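Because the structure is a prediction, the values reported are computed rather than measured. Below, chains carry the letters A, B, ... as their sequence lines are ordered, and counting in each starts from 1.
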2 protein chains.
Amino acid sequence: MNTVFKALSDPTRRRVLQLLQTGPLSAGDIGKHFDVSAPTMSAHFAVLKEADLIHAEKAGKSVIYHLKLSVLEDALLGFAQSFGIGEDTSTSSVKLEIKP
Amino acid sequence: MNTVFKALSDPTRRRVLQLLQTGPLSAGDIGKHFDVSAPTMSAHFAVLKEADLIHAEKAGKSVIYHLKLSVLEDALLGFAQSFGIGEDTSTSSVKLEIKP
DNA sequence: TTTATAATTAGCTAATTGTCTAATTGTTGT
DNA sequence: ACAACAATTAGACAATTAGCTAATTATAAA
C-alpha cells in the first residue's frame, strides 16, 4: 500500500495510469505521450510494476502494459474508507434500488 | 492536487491524517505517536499544510491541527472517479432511497 | 547472418527528501 | 523580568529520486 502511494506521488506515473485506463498500450506508445527519454519511462514502469499497479505482457519486440484497476481501486477506496469517505451505502440508513 | 499526492506518499503523514480524523490535536500530542524528533514532525506538518490537508489554529503555546477532510475527499475521489472508481450513483441505473 | 527496432540495464548527476541537533520565536507562569 | 515550555527555523547530512547518455538484450525483418 505504501508502494502504491509512492507510485502515485509522481505526476508522470499518474498520467501513465490514466492512459492505460482506456486499454493496454506498449511501452513505446505510452512514451510518445511524454517528453522524457525511454529509460526514464522504463524506470517509471518499474515503479508502477513494483506497486502492482500495472502488469507487463511481452509481445514480440514490444512490452504491453495493462492497468490493474482493482489494485488501484483497493488502495484508493481502502484508504478513503478509513476516513469514512466513499462509504459503503449498505451500512447506512439508505438503500440502493434498481430503477424501473 | 500534485501536492496532495506528494503529501500522501509518506506513511508518517498518512498516519497523521488518520489521527486527526478523530478530532483536532496539538502538534505535541500528534508527535507523541511517532518516534521522530519534533522538528521532523514540524516538517511533516508543513508539507500537509502546503497540500491544504490540514489547518493550523494557534492556542496559547500550542498549535492545534485540524484535518481538512473535504480537501482529502476531493483529491481522492476526484482521482478515483477519473478511473470510473467510486462512481456517482445518480448517473447510473440505480437510485438511492431513504429506508423507512 | 547482418541490420533494425523495442525495451531495459548500467552508470552518472542534480535535486529533493527525511532525519537529526542546535538555535530561535512566542507564550505562559512565577 | 525571567524561567519553562511548545513549536518552528536554520543548517547539516545520508538516502532517494527523476532525469540523462551509452551500452546491452531480445526479437523481427532483410
Side-chain angles (χ1 to χ4, degrees), chain A residues 1-20 22-68 72 75 79, chain B residues 1-20 22-68 72 75 79:
Chain A
M1 211 210 83
N2 192 33
T3 53
V4 170
F5 278 101
K6 274 281 171 59
L8 294 180
S9 73
D10 184 273
T12 296
R13 288 193 291 265
R14 287 199 303 276
R15 280 179 56 208
V16 168
L17 296 179
Q18 304 260 21
L19 274 177
L20 254 24
T22 57
L25 283 173
S26 72
D29 283 349
I30 298 171
K32 281 174 193 148
H33 293 79
F34 301 88
D35 193 23
V36 296
S37 71
T40 294
M41 287 308 298
S42 204
H44 283 307
F45 299 147
V47 172
L48 291 169
K49 235 186 308 181
E50 176 65 30
D52 201 33
L53 285 166
I54 61 175
H55 149 254
E57 172 205 359
K58 283 211 65 178
K61 274 184 288 193
S62 297
V63 173
I64 311 294
Y65 284 110
H66 300 248
L67 173 63
K68 296 182 78 169
L72 180 64
F79 183 68
Chain B
M1 213 209 82
N2 190 34
T3 53
V4 170
F5 278 100
K6 274 281 171 60
L8 295 180
S9 73
D10 184 272
T12 297
R13 287 192 292 265
R14 288 198 303 274
R15 280 180 54 208
V16 168
L17 296 180
Q18 305 259 22
L19 274 177
L20 255 22
T22 58
L25 283 173
S26 72
D29 283 350
I30 298 171
K32 281 173 193 145
H33 293 80
F34 300 88
D35 192 24
V36 296
S37 70
T40 295
M41 288 309 297
S42 206
H44 283 307
F45 299 147
V47 173
L48 290 169
K49 235 186 307 180
E50 176 64 29
D52 201 33
L53 284 166
I54 61 175
H55 150 253
E57 171 204 0
K58 285 210 65 177
K61 275 185 284 193
S62 298
V63 173
I64 312 294
Y65 284 110
H66 300 249
L67 174 63
K68 296 182 78 169
L72 180 63
F79 183 68

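Comparing atom distances between the B:Ser37 side chain and each of C:dT21, D:dA7, D:dG19 picks out C:dT21 as nearest. For B:Ser26, counting side-chain heavy atoms from C-beta on, the closest listed nucleotide (D:dC20, D:dA7, D:dT8) is D:dA7. Considering only side-chain atoms of B:Asp10, the nucleotide from D:dT8, C:dT8, C:dG18 that sits closest is C:dG18. In this structure, the nucleotide among C:dA10, D:dG19, C:dT19 sitting nearest to the side chain of A:Pro39 is C:dA10. The side chain of B:Ala43 lies closest to C:dT19, out of C:dG18, C:dG26, C:dT19. Among D:dC20, D:dT8, C:dA7, the nucleotide with an atom closest to any side-chain atom of B:Ser42 is D:dT8. Of the listed nucleotides (C:dC20, C:dT8, C:dA6), C:dT8 has the atom at the smallest distance from the side chain of A:Phe45.
We find that CE of A:Met41 is positioned 17 Å from P of D:dT17, with the value rounded to whole Å. Atom CG of A:Asp35 is separated from atom P of D:dA18 by 17 Å (rounded to the nearest Å). The nearest whole Å value for the distance from the CG atom in B:Leu25 to the C1' atom in D:dA6 is 15 Å. Look at CD1 on B:Ile64: it is 15 Å from C1' on D:dT8, rounded to the nearest Å. For the pair B:Lys32 NZ and D:dA7 C1', the computed distance is 13 Å after rounding to whole Å. Note: CD (A:Glu57) to P (D:dT27) measures 14 Å, nearest angstrom. Taking atom CD of A:Glu50 as the reference point, atom P of D:dT16 lies 14 Å away to the nearest angstrom. A:Arg15 has its CZ atom 15 Å from the P atom of D:dA18, to the nearest Å.
Between C:dT17 and B:His44, no contact under 4.0 Å exists linking OP1 or OP2 to a side-chain N or O. Close to C:dT8, at under 4.0 Å from its OP1 or OP2, lies a side-chain N or O of A:Tyr65. The side chain of B:Lys58 contributes no N or O atom lying less than 4.0 Å from OP1 or OP2 of C:dG26.
Counting non-hydrogen atoms of other residues, nucleotides and ligands closer than 6.0 Å to CD of B:Glu50 gives a total of 12 or fewer.
Under the ring-ring contact (aromatic ring centres under 6.0 Å, His included) criterion, B:His66 pairs with B:His55, not counting sequence neighbours.
B:Asp29 places none of its side-chain heavy atoms less than 4.5 Å from the side chain of B:Leu19.
The residue B:Phe34 sits apart from the nucleic acid: no heavy atom pair falls under 4.0 Å.
Nearest-nucleotide positions on DNA chain C place A:Ser62 closer to the 5' end than the other of A:Ser62 and B:Thr40. Each of A:Lys6 and A:Lys61 has a nearest nucleotide on DNA chain D; the 5'-most of these lies closest to A:Lys6.
Rounded to the nearest 0.5 Å, atoms CG (A:Leu48) and CG (A:Leu8) are 8.0 Å apart. One finds the CG atom of A:Leu17 at 9.5 Å from the CD1 atom of A:Ile30 (value rounded to the nearest 0.5 Å).
Among the candidates A:Lys6, A:Arg14, A:Arg13, the single residue satisfying the side chain to side chain contact (heavy atoms under 4.5 Å, CB included) test with B:Phe5 is A:Arg14.
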